[in-house]
Amino acid sequence: MAPLTRRTAFPKVLIERDSDSEQSSSEEEEGEEEVLEEEDDGVTTANEKTENLEEDSDIKRKGKAPITISLKKVCKVCKKQGHEAGFKGATYIDCPRKPCFLCKKPGHTTLTCPHRVSTEHGVVPAPRKKTFKPLEYVFERQLRPSLPSIKPKYVIPDQVNCAVVRYHSRRVTCLEFHPTKNNILLSGDKKGQLGVWDFGKVYEKMVYGNIHSCILNNMRFNPTNDCMIYSASSDGTISYTDLETGLSSSLMNLNPDGWQGPNTWKMIYGMDINSEKGVVLVADNFGFLYMVDIRTNHRNGNAILIHKKGTKVVGIHCNPIQPDILLTCGNDHFARIWDLRYIEAETSIYDLKHKRVVNSAFFSPLSGTKILTTSQDNRLRIWDSIFGNMDSPSREIVHSHDFNRHLTPFKAEWDPKDPSESLAVVGRYISENYNGAALHPIDFIDTSTGQLVAEVIDPNITTISPVNKLHPREDILATGSSRSLFIWKPKEKSELVEEKDERKIVVGGRAEKKRGKRNGDISDESDDEVFSSKSKKLKSTKTQRKLSHRSTKDKR
DNA sequence: AGACTATGGACCC
DNA sequence: TGGGTCCCCTAGTC
């Protein structure tokens, strides 16, 4: 406490506040307190960006006339005075001069965005329209009978069962479950490394570092040999790798002459396999599609321009029922549907327009009659039936999955087990205040209603989780968050397991706090540490300290 | 603890 | 159509 005598030694200080900041400070109690303390002491802090002092030294010496300090806060986003953007505790306050960070519309901020309260944002389902395209016939004959009508009760894997942290040396970019072995998860990272993890045995993990030289964008299992995988990379190659040995061969190299500058360097993002035709389909960052025959390892024909020339194609998906129907998406703001039998430039069956880059586009996993897209305009879109009117989506769901150059792009994915083909999982960008901690949940969304079914969090996961994959057979979610991998199971189920709900977290690799090791081999098994959720904390972050002190959820 | 940075897309002209 | 500049709720390292 400042002594009273000190107060009298200084002239009275008046603090002039902006009316704007006064209005916007309803949630800024902490900030206000600080200001009041400063007032008592008559001292200003470095936090105040500008201060207008009436610097009349005569008056100061006499100690008569009050000094007026104008506390004009400067926003770090728009550089304007009167408000501040940034975290206030665990809640982020938007710059009010910018469009809403969530829905991208001006006039309000994320805190007051209507889509923050309810994620439901549907448009009237598109009317069915009689067309005479071949898809119509496919639909009526093959697909319509298999469409389910009953909606199941969703089982949400909402508790971390085990994890490997610092497993990859760079952020995780893709995940894939093994098609037959239930406990095997494959992961790719930004450096091009491939991880093979047996999360049933937690410690059994392997990282192969010599397959690609940069971002591993996509993986697919060989449909006839599940020991082998195809992987597509930004190094411009498709590799064919034996999971047991890590030995790989190159199926295609789009940069045979090496680096000739950014204008010619080809990168492969989207990849899928048409098992009927026996071809691997990939697309590059210049808008071209390539097909490689699995049996002969030869390219089929020439590259076909499927998106705007010079733009990146990021996603390729073959229809699960009709593999010749192809769905692609990319940076030209379109998702497009093609028929592989008649494919050439500008022969797309439908062009699904988006407002921004389309990160992903997936057919629904069972019937293939719905399409789910993730676009950088912060909206998920669903086309209810690819056989209806495709002029507009049947539903748009506002959801925070902003583009950020430092994050793997978000991709909403279907739950492959949901017979109603409604449930989707997608990581969330904006954080939410959970007991004083800012955490980024993973959202489960019912795409048929737009409702948020569940948001799952774990205090150990403090980073954004853009990569999520639901298990094809079990109620398991795999998450890639920064360099770490997490396996989630439903709470009830976890308790049935013999080990109780003891969560295992393996810290793999270098630079773990007590070791101080640098440049260690991140796949070095001896570097592992196991933590159980009951006894120890993974690491005592601010977040966890806060969480351990509070028990109730105070959000919303 | 704070500075630094890798790095992709939008938007401007 | 292309180069320059800005974005600024990242994560990890030095």
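What's counted below: heavy atoms across the whole structure, side chains too, no hydrogens, waters or symmetry copies. The chains referred to below are lettered A, B, ... by the order of the sequence lines, with proteins before strands, and numbering in each begins at 1.
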**Study point:** Nearest-Å distance once atom C1' is located in both B:dA10 and C:dA11
**Key:** 23 Å
Review point. Starting at CH2 of A:Trp265 and ending at P of B:dG8, how long is that distance when rounded to a whole Å?
Key: 13 Å
Check your understanding: A:Asn331 side chain: which of B:dG9, C:dT13, C:dC8 is closest?
Key -> B:dG9
Review point. With a non-hydrogen cut-off below 4.0 angstrom, is A:Arg171 in contact with a base, only sugar-phosphate, or nothing?
Key: nothing
Point to revise | Presence of A:Ser482 side-chain N/O under 4.0 Å of C:dG12 phosphate oxygens OP1/OP2 | key: yes
Practice item. Examine distances only and state if a side-chain atom of A:His401 and a backbone atom of A:Arg428 form a donor-acceptor pair shorter than 3.5 Å. Key: no
Check your understanding: Which part of the nucleic acid does A:Ile430 contact within heavy-atom distance under 4.0 Å: base, sugar-phosphate only, or nothing?
Key -> base
Point to revise | Which residue lies more 5' along DNA chain C, comparing A:Ser481 with A:Tyr429 via nearest heavy atoms | key: A:Tyr429
Review point. So, A:Asn255 side chain and A:Asp257 main chain: donor-acceptor pair closer than 3.5 Å or not?
Key: no
**Study point:** 5' priority, DNA chain C, between A:Lys308 and A:Thr463 [closest heavy atom]
**Key:** A:Lys308
**Study point:** Selection from C:dC9, C:dG12, B:dG9 that lies nearest to any side-chain heavy atom of A:Gln376
**Key:** B:dG9
Review point. Can the positive tip of A:Lys98 be found less than 6.0 Å from the middle of the six-membered ring of A:Phe101, inside 45° of the ring normal?
Key: no
Point to revise | Residue among A:Asn285, A:Asp332, A:Asp351 satisfying side chain to side chain donor-acceptor pair (under 3.5 Å) with A:His307 | key: A:Asp332
**Study point:** side-chain N/O A:Arg170 vs B:dT5 OP1/OP2, d < 4.0 Å
**Key:** no
Check your understanding: Between C:dC9, C:dC8, B:dG8, which nucleotide gets closest to the side-chain atoms of A:Phe403?
Key -> B:dG8
Review point. Nearest-Å distance, OH (A:Tyr92) to P (C:dT10)?
Key: 7 Å
Point to revise | Proximity to the side chain of A:Asp94 - top-ranked nucleotide from C:dA11, C:dC9, B:dA10 | key: C:dC9
Review point. At under 4.0 Å, does any side-chain N or O of A:Asn404 touch on OP1 or OP2 of B:dG8?
Key: no
Review point. Heavy atoms under 4.0 Å, any strand shown: does A:Ser431 hit a base, just sugar-phosphate, or nothing?
Key: base
**Study point:** Contact nearer the 5' end of DNA chain B, comparing A:Arg405 with A:Lys355
**Key:** A:Arg405
Practice item. With heavy atoms under 4.0 Å as the rule, sort A:Thr110 into base, sugar-phosphate or nothing. Key: base
Check your understanding: Which listed nucleotide (C:dC9, C:dA11, B:dG9) is nearest to the side chain of A:Phe87?
Key -> C:dC9
Check your understanding: Distance check: side-chain N/O of A:Lys190 vs OP1/OP2 of B:dT7, anything under 4.0 Å?
Key -> yes
Study note, to complete from the structure: From the candidates B:dA10, C:dA11, B:dA6, the one with an atom nearest any side-chain atom of A:His406 is B:dA6
Exercise for review: Determine: side-chain N/O of A:Lys312 to OP1/OP2 of B:dG9, distance under 4.0 Å, yes or no.
Suggested key: yes
Review point. So, A:Asn359 versus A:Ser375: side-chain donor-acceptor pair below 3.5 Å or not?
Key: no
Exercise for review: Using the C1' atom on both, measure C:dG12 against B:dG9 and round to a whole Å.
Suggested key: 23 Å
Practice item. Would you mind classifying the nucleic acid contact of A:Asp402 as base, sugar-phosphate or nothing, using non-hydrogen atoms under 4.0 angstrom? Key: nothing
Check your understanding: Would you call A:Leu372 and A:Glu413 a side-chain contact if the rule is heavy atoms closer than 4.5 Å?
Key -> no
Review point. Does A:Lys76 have a side-chain nitrogen or oxygen under 4.0 Å from the phosphate oxygens OP1 or OP2 of C:dC9?
Key: yes
